[in-house]
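Throughout, numbering of the chain's residues begins at 1 and tracks the sequence.
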Amino acid sequence: MIVGTAGHIDHGKTALIHALTGVDTDRLPEEKKRGISIELGYAYLDAGGDRRIGFVDVPGHERLVHTMLAGATGIDFGLLVVAADDGVMPQTREHLAILSLLGIARGVAVVTKTDRVEAQRVEDVGNQIAALLEGTPLAGAPVVPASVRTGRGLAELKIRLLDAASRAAGRRTDDRWFRLAVDRAFTLNGVGTVATGTVHAGCVSVGEELLLMPGSIRVRVRSLHAQSRAVRSASAGERCGIALAGLAREQVKRGQWLVAPAAALATDRLDASLVLWRAEERTLRTGAPIRAHIGTASALGTVAILDGEFVEPRASARVQLVLRSSICAWHGDRVVLRDASGSRTIAGGIVLDPFGQKRCRRTPQRLAELDALALSDVSARAETLLARREQGLDLDRFAAAQGRPVKLDARGVLARAGSQGNWALAARHVRDIEQAALESLAAWHAKRPDEPGPDAGSLRRSIAPRLPEPLWREILARLQRRDDIVIRGAFVQLPAHGATLSAEDGRIAERVSPMIANARRGAWVRDLAREAGEPESAVRTSLARLAQRGELHQIVEDLYFSRAQMATLAAIAHRSAAAAGGCVTAAEFRDRTQLGRQRAIQVLEYFNRVGLARRVGDTHRMLA
């Protein structure tokens, strides 16, 4: 169990932790000199058996609330500390707001420095605290009078902590992937770079590979300390130090995450369910500048209200946070908003989707998707979202956002797994797209009877422009297997349709087909006509009909390749892309095919036109 302190500056948080654990969490010379906490401090208390309670001691100064927030993330239990002589103070209220907005529902309030005041004052402060806690997740929490000088209340407080730790044992076991929010990094002689933080989910073992996010730096776990003891593995709910192989200290900073590769993501636009804190006096409006705190990170940005244009104090709404820098966030993570100047805590909530949409973010379709993402069960979220998303679901991306593997009921779902990831589409949407494709083809043939049909890419753009390419290829394959369509080269057509060859076309095709097959860099109409002794216009017409039937490929005007040649070139492009992260460059393709630069570019651009590839900057991403 992880316990986090909270409370106003100089109310005795650090002294209380020292009295409970024997550890002085103020380790910096500046902290010793000034007598106040500046950075996060850590201590541990044996809880019997193999269990230990970890403590995160936070600074109470109003200018260090961002540090307090970094320490409070991931804690299980709040220790709200109020000095008997001062009573409830501004940072008492703000720290309580932060605990509440982080959803901390288990804790104890401690009235410290009771040896300095009369008994009535202790009772009055206890009543103040109880009234302050009303209406928060910590309402009804025990209030324990204590003094580190006399020892009053320390035994009772320790019993309550040990009891809470016993109740929390095993509570965090789940199937989530490993995630640790980094709050500190340093170098140890003989060990190297060490990153510490609270494990938010999953478990990790020595020897495993993780990603440092944002940044996607791959690291290996050299050794582990959990709850200040050397271990072979660490899991959710523990304070953990991870020695990282092959990483410089300067590459790690507070706000980053160490995550299992499957859960790696970074975002600068996320959707969340938000509630405005009860003490906030102003409405929150679209466009308001904010600072968002998630995990141990914070980022400036603006808020867009998705349910209207503003949110009243104590009210809730779905919002989109548009951030100036990338951070990490997963479904269910807590987010706390402060004003852009960092002077007050405004609101808090839960991340619904770390991949917020830039366009169409307020449409009924998108709001229905957010309704699905608000469901408590991950499988229900996936199934409901799939039913509402006409463009299908990227299962790898969805699982990363959930931070865990996701299983779907395979019935009634079209799935496609391959080099472009794992995708799914609900059967209802599959039927709609198939019907639209057949109707579109029928209309095309009626309007253009002499043409073979649209290419696959054009057909998709006309009926399902947002459908991912892998799912579209799977739908075409289904239609082809049922003989509902015929695919000839790059063209899609109904079985009853096809460009008819005349006897003259057949005769010319018979003469020039061997020439085309032997032309390694493609064959030009004028060269074929001259070699075959045929009129150039007749050869051009016949080859165009052959291309319409899918028996030849016209790369540019008057330049043809055979089907076998194009299949070979496509295979080379796929192999080149597979060796380079899915993309191939013109130079690489030129060298592998020996086509020359101009012809290599012409072939790759043809792949783009027919939907076999997609231009990405100076490269071509192979799609199917």
Side-chain angles (χ1 to χ4, degrees), residues 73 101-103 176-177 179 181 200-201 213-214 257 259-260 262-275 284 286 290 292-295 297 299 301-308 311 316-337 347-408 421-426 429 466 468:
T73 182
L101 295 171
L102 287 173
R176 295 179 295 174
W177 290 311
R179 291 195 284 125
H200 281 237
M213 300 293 297
W257 292 75
V259 304
L265 62 83
T267 181
D268 60 5
R269 184 182 296 268
L270 60 90
D271 294 339
S273 174
L274 205 69
V275 61
L284 182 64
T286 290
I290 50 90
H293 295 261
I294 301 178
T302 57
V303 61
I305 313 299
L306 303 182
D307 297 315
V311 188
S316 61
R318 291 169 295 188
V319 304
Q320 183 170 103
L321 304 181
V322 183
L323 307 175
R324 296 183 189 175
S325 57
S326 292
I327 63 172
C328 298
W330 289 264
H331 179 278
D333 281 0
R334 291 280 178 168
V335 56
V336 173
L337 299 189
I350 298 174
V351 175
L352 296 176
D353 190 352
F355 301 116
Q357 296 183 3
K358 185 174 183 179
R359 298 179 179 177
C360 307
R361 61 189 180 189
R362 295 185 182 180
T363 62
Q365 165 71 22
R366 179 56 181 167
L367 295 180
E369 292 179 2
L370 293 180
D371 287 339
L373 289 168
L375 297 174
S376 59
D377 179 73
V378 64
S379 295
R381 288 197 292 272
E383 299 284 354
T384 308
L385 187 62
L386 189 61
R388 297 178 181 180
R389 183 167 286 186
E390 298 176 355
Q391 68 271 28
L393 185 62
D394 183 337
L395 296 178
D396 294 333
R397 182 180 170 96
F398 178 77
Q402 307 303 306
R404 68 180 74 203
V406 177
K407 294 182 179 179
L408 288 175
N422 299 302
W423 294 83
L425 184 64
H429 301 314
R466 298 180 64 196

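Listed by first and then second residue, the salt bridge (Lys or Arg N to Asp or Glu O under 4.0 Å) pairs that reach into residues 351-365 are Glu309-Arg362, Asp353-Arg366, sequence neighbours excluded.
In terms of modelled atom types and a separation under 3.5 Å, the side chain of Asp307 and the main chain of Arg318 share a donor-acceptor contact. For the pair Asp271 (side chain) and Gly356 (backbone), a donor-acceptor distance under 3.5 Å is absent. Listed for the Trp330 side chain is a donor-acceptor partner under 3.5 Å among the backbone atoms of Ala263. Of the possible polar contacts, none joining the Gln402 side chain to the His331 backbone as a donor-acceptor pair under 3.5 Å is found. Arg404 places no side-chain N or O within 3.5 Å of a backbone atom of Ala399 that could act as its donor or acceptor partner.
Distance CD1/Ile327 to CD1/Ile294: 3.5 Å, rounded to 0.5 Å. Going from atom CG of Leu370 over to atom CD of Gln365 covers 10.5 Å, rounded to the nearest 0.5 Å. With rounding to the nearest 0.5 Å, the separation of CD1 in Ile290 from CG in Leu323 is 6.0 Å. Rounded to the nearest 0.5 Å, atoms SG (Cys360) and CD (Glu369) are 10.0 Å apart.
Partners of Gln391 by side-chain hydrogen bond (donor to acceptor under 3.5 Å, both in side chains), not counting sequence neighbours: none found. Not counting sequence neighbours, the partners of Thr384 by the side chain to side chain contact (heavy atoms under 4.5 Å, CB included) test are Ala372, Leu375, Arg388. Scored by the side chain to side chain contact (heavy atoms under 4.5 Å, CB included) test, Arg334 finds Leu102, Ile350 as partners (sequence neighbours excluded). Judged as a side chain to side chain contact (heavy atoms under 4.5 Å, CB included), and not counting sequence neighbours, the contacts of Ala266 are Met213, Pro214, Ser326. Glu390 is linked by a side chain to side chain contact (heavy atoms under 4.5 Å, CB included) to His429, counting only residues two or more places apart in sequence or in another chain.
Side-chain contact between Leu274 and Val311: absent, with no pair of heavy atoms (C-beta onward) separated by less than 4.5 Å. Inter-residue side-chain proximity for Asp394 and Pro468 is flagged as unmet; no heavy-atom pair is nearer than 4.5 Å.
Considering every non-hydrogen atom in both Ala374 and Leu352, the closest pair reads CA-CD2, 4.0 Å. Residues Ser325 and Asp268 share a closest heavy-atom pair of O-CB, 4.0 Å. Among all heavy-atom pairs drawn from Val319 and Val303, the shortest one is CB-CG2, 3.8 Å. Nearest heavy-atom pair across Leu408 and Ala424 is CD1-CB, 3.9 Å. The shortest non-hydrogen separation linking Val275 to Ala347 is O-CB, 3.2 Å. The two atoms that bring Ala329 and Val351 nearest to each other are CB-CG2, 4.3 Å, heavy atoms only.
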Assess whether side chain to side chain contact (heavy atoms under 4.5 Å, CB included) is satisfied between Phe398 and Leu373, documenting all intermediate values. CA-CA 10 Å; Phe398 178 77; Leu373 289 168; 3.9 Å; yes

Working note: Leu270 + Val335, criterion side chain to side chain contact (heavy atoms under 4.5 Å, CB included); need CA distance, chi angles, decisive distance, verdict. CA-CA 11 Å; Leu270 60 90; Val335 56; 5.5 Å; no

Can you check side chain to side chain contact (heavy atoms under 4.5 Å, CB included) on Val378 and Val406, steps first, answer last? CA-CA 7 Å; Val378 64; Val406 177; 4.1 Å; yes

